[in-house]
Amino acid sequence: MLVQRVVMPVSGRESWTLLGDDGEVVEPAERYLAYLAAIERSPNTVRAYAVSLKLWFEFLGHASVGWDEAGVEDVARFVAWLRAPAGNVIVLAGGTGAREPSTVNRYLAGVFGFYDHHARTGLQISAELVSWRRISRGSYKPFLHHVTKGRPIPVRPVKLHVPPRAPRTLEAEQIVAVLAACEHLRDRFLLSLLAETGMRVGQALGLRHADFVSRKREVHIVPRAGNANGARAKLRSAAVVPVSVPLVRLYSEYMHVEYGGIDSDYVFVNLFGGRVGAAMTYPAVHQLIGRIAARTGISFTAHVLRHSHATDMVRRGVPIEVVARLLTHRSSTTTSQVYVHLGAADIREALTRAGVWHEEEAR
């Protein structure tokens with residue numbers, strides 16, 4: 001089977017589909033993937049779900065089970081197959097499977113989303129793979145009962161436990177070293193922007209000059225579907241992020257010294273290679289970070305800069321709601337789950353700052 005990239009003929013939007021061993025489109029999978037594309041899910045999301053369905057249909061082929069005949073037991077076997085896909089491999093207790101639990105859960109999300117879609121469009125047998133947890137009819141009303149209004153809510157019947165893991169971050173001295181290693185103002189401005197705001201790469205690459213409001217010291221992150229470089233903001237509505245005076249000055253210096261007379265709406269463009277003036281792409285940022293990592297000996301990614309900024313804010317006592325707003329998360333719950341992994345030193349410092357402990361006791 002093959003996950004195939006496709007481009008919509010009218011809109012030019014990118015999407016993905018699943019081809020069988022005979023080269024034909026796997027029709028049930030295509031219906032779900034087309035639905036995801038129609039509701040404007042990210043092409044990366046569609047691709048991830050297409051990969052999940054590719055593995056699922058390959059497993060069903062090995063197990064000689066029809067996709068519309070599968071049940072929860074087959075999903076459990078699928079999980080075991082993912083963890084030890086080779087027939088002669090056994091995962092011992094306490095051993096490491098072929099795929100991490102978080103990876104398996106991503107695949108399961110695609111599979112259950114696929115069956116949930118078909119169940120809602122009338123395929124009764126696949127509804128067995130959509131488990132429903134009903135709210136109690138007694139007088140007790142659980143927390144957030146009002147959100148569901150007593151209706152059944154979908155829960156995934158199979159899911160692996162993923163141990164919590166703190167995000168990888170850089171120390172302040174390492175970030176300074178990374179910025180100092182940049183040879184060009186554009187690169188220093190880009191990495192400074194990511195490190196100071198925690199902005200996603202796609203959000204930065206999609207910026208237009210009108211989005212950088214120097215006089216107000218703020219950046220407007222605007223979701224746009226037609227970015228020439230494929231940049232995606234991962235937002236439903238525009239967000240405003242404050243920036244510092246030094247960052248505004250760095251932007252101005254970049255504009256005057258390197259950008260010059262380039263005729264483009266995009267803030268980040270090719271200046272030293274490729275088609276000069278074209279919007280900078282994801283691979284170009286990846287290559288830039290690779291060069292700086294090799295130059296400094298500091299291993300990092302653009303997302304590590306985001307993690308570093310968010311973790312620093314949490315440790316400084318910035319309210320989680322504010323951190324979520326700055327990171328453009330839809331919910332502060334997401335922010336809390338990812339970044340609130342405080343160690344004993346963090347807890348001690350927070351108690352001291354709140355006046356629960358005195359400084360002498362903290363020592």
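Note that the numbering runs from 1 along the sequence shown for the chain.
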Trainee: Backbone N or O of I39 within a donor-acceptor pair of the R41 side chain at under 3.5 Å?
Mentor: no
Trainee: Is the shortest heavy-atom distance from the side chain of W16 to the side chain of L33 under 4.5 Å?
Mentor: no
Trainee: Roughly how far, to the nearest 0.5 Å, is the CG atom of L185 from the NE2 atom of H256?
Mentor: 12.0 Å
Trainee: Looking at L170 and S308, what are the two nearest heavy atoms and their distance?
Mentor: N-OG, 2.8 Å
Trainee: Identify the two heavy atoms, one from G110 and one from S52, that lie closest to each other, and give their separation to 0.1 Å.
Mentor: CA-CB, 4.1 Å
Trainee: For the residue pair L18 and A50, what are the closest heavy atoms and their distance?
Mentor: CD1-O, 4.4 Å
Trainee: Please walk me through it: do L179 and I175 pass side chain to side chain contact (heavy atoms under 4.5 Å, CB included)?
Mentor: CA-CA 6 Å; L179 298 180; I175 295 177; 4.2 Å; yes
Trainee: With R77 as the cation and F59 as the aromatic partner, state whether NZ or CZ is under 6.0 Å from the six-membered ring centre and within 45° of the axis.
Mentor: no
Trainee: Output, in order, the C-alpha distance, side-chain angles, deciding distance and verdict of salt bridge (Lys or Arg N to Asp or Glu O under 4.0 Å) for D211 and R224.
Mentor: CA-CA 12 Å; D211 300 334; R224 298 180 176 96; 3.0 Å; yes
Trainee: Using a 6.0 Å cut-off, check whether atom CD of E73 has over 12 heavy atoms from anything other than its own residue.
Mentor: no
Trainee: Whether the R168 and H303 side chains hold a donor-acceptor pair (N or O, under 3.5 Å, no angle test) is what I'd like checked.
Mentor: no
Trainee: Any side-chain heavy-atom pair from N227 and Y266 closer than 4.5 angstrom?
Mentor: yes
Trainee: Taking the six-membered ring for Trp, is the centroid-to-centroid distance between F272 and H184 below 6.0 Å?
Mentor: yes
Trainee: Taking Q203 for the side chain and A233 for the main chain, is one N or O donor matched with an acceptor at less than 3.5 Å?
Mentor: yes
Trainee: Spell out, yes or no, whether V257 and V269 are grouped together once hydrophobic residues are joined by side-chain heavy atoms under 4.5 Å, including indirect joins.
Mentor: yes
Trainee: Among the clusters formed by ILVMFWY side chains lying less than 4.5 Å apart, do V6 and V26 turn up in the same one?
Mentor: no
Trainee: Looking only at atom types and distance, does a side-chain atom of S252 sit under 3.5 Å from a main-chain N or O of V248, one as donor and one as acceptor?
Mentor: yes
Trainee: Would you compute the distance between atom CG of L191 and atom CG of D187 and round it to the nearest 0.5 angstrom?
Mentor: 6.5 Å
Trainee: Can you measure from OG1 (T296) to CZ (R291) and round to the nearest 0.5 angstrom?
Mentor: 12.5 Å
Trainee: Salt bridge between R325 and E321, side-chain N to carboxylate O under 4.0 Å?
Mentor: no
Trainee: Can you spot which of Y35, Y49, W67 makes a ring-ring contact (aromatic ring centres under 6.0 Å, His included) with F114?
Mentor: W67
Trainee: Show your reasoning for whether side chain to side chain contact (heavy atoms under 4.5 Å, CB included) applies to Y251 and V267.
Mentor: CA-CA 9 Å; Y251 169 69; V267 171; 4.1 Å; yes
Trainee: Is there a side-chain contact between V314 and V318, using heavy atoms and a 4.5 Å cut-off?
Mentor: no
Trainee: With a cut-off of 6.0 Å (strictly less than), are more than 12 heavy atoms of other residues, nucleotides or ligands near CD of E171?
Mentor: no
Trainee: Check the surroundings of atom CZ in R120: do more than 12 heavy atoms from other residues, nucleotides or ligands lie under 6.0 Å from it?
Mentor: yes
Trainee: Roughly how far, to the nearest 0.5 Å, is CE of M1 from NZ of K54?
Mentor: 8.5 Å
Trainee: Look at the side-chain heavy atoms of Ile, Leu, Val, Met, Phe, Trp and Tyr, link any pair under 4.5 Å apart, and say whether V243 and V222 land in one connected group.
Mentor: no
Trainee: Test V104 against R83 for side chain to side chain contact (heavy atoms under 4.5 Å, CB included), laying out the working first.
Mentor: CA-CA 8 Å; V104 173; R83 296 282 275 168; 4.0 Å; yes
Trainee: Could you verify whether a donor N or O on one side chain and an acceptor N or O on the other, from E30 and T17, lie under 3.5 Å apart?
Mentor: yes
Trainee: Would you compute the distance between atom OG of S42 and atom CD of E14 and round it to the nearest 0.5 angstrom?
Mentor: 8.5 Å
Trainee: Does V240 offer a backbone N or O that forms a donor-acceptor pair with the side chain of H220 under 3.5 Å?
Mentor: no
Trainee: Indicate yes or no for a side-chain donor-acceptor contact from R306 to the backbone of L327 under 3.5 Å, with no hydrogens or angles considered.
Mentor: yes
Trainee: So, the side chain of T311 versus the backbone of H307: is there a donor-acceptor pair under 3.5 Å, distance only?
Mentor: yes
Trainee: I'd like to know if the side chain of R295 and the backbone of A181 have a donor-acceptor N/O pair within less than 3.5 Å.
Mentor: yes
Trainee: How close do F57 and P28 get, counting heavy atoms only, and between which atoms?
Mentor: CZ-CG, 4.3 Å
Trainee: Kindly say whether M280 contributes a backbone atom to a donor-acceptor pair with the side chain of N229 at under 3.5 angstrom?
Mentor: yes
Trainee: Is the gap between the ring centers of F78 and W56 under 6.0 Å?
Mentor: yes
Trainee: Determine, step by step, whether I292 and E183 satisfy the side chain to side chain contact (heavy atoms under 4.5 Å, CB included) criterion, reporting the C-alpha distance in whole Å, the side-chain angles of both residues, the deciding distance to 0.1 Å, and the verdict.
Mentor: CA-CA 9 Å; I292 294 177; E183 296 179 323; over 6 Å; no
Trainee: Should L55 and R99 count as side-chain neighbours, where that means a heavy-atom distance under 4.5 Å?
Mentor: yes
Trainee: Do V25 and L53 belong to the same hydrophobic cluster, where Ile, Leu, Val, Met, Phe, Trp and Tyr are linked whenever their side-chain heavy atoms lie under 4.5 Å apart, directly or via other members?
Mentor: no
Trainee: With a 4.5 Å limit on heavy-atom distance, are the side chains of V304 and S299 in contact?
Mentor: no
Trainee: Y259 pairs by ring-ring contact (aromatic ring centres under 6.0 Å, His included) with which of F212, F189, Y254?
Mentor: Y254
Trainee: Without swapping roles, check the side chain of D265 against the backbone of R208 for a donor-acceptor pair under 3.5 Å.
Mentor: no
Trainee: So, for I289 and A302, which heavy atoms are closest and what is the spacing to 0.1 Å?
Mentor: CD1-N, 3.5 Å
Trainee: Taking side chain as C-beta onward, heavy atoms only, is R200 less than 4.5 Å from R232?
Mentor: no
Trainee: Return the CG to OG1 distance between L82 and T103, rounded to the nearest 0.5 Å.
Mentor: 9.5 Å
Trainee: Identify the heavy atoms of R31 and H117 that sit nearest to each other, and give their distance.
Mentor: O-NE2, 4.0 Å
Trainee: Can you tell me if NE2 on H209 sees more than 12 non-hydrogen neighbours from other groups inside 6.0 Å?
Mentor: yes
Trainee: L235 versus I221: any side-chain heavy-atom pair under 4.5 Å?
Mentor: yes
Trainee: Under 4.5 Å between side-chain heavy atoms, counting indirect links through other Ile/Leu/Val/Met/Phe/Trp/Tyr residues: same cluster for V276 and L288 or not?
Mentor: yes
Trainee: Quick one: are W81 and H62 in side-chain contact, heavy atoms under 4.5 Å?
Mentor: yes
Trainee: Between E253 (side chain) and L250 (backbone), is there a donor-acceptor pair under 3.5 Å?
Mentor: no
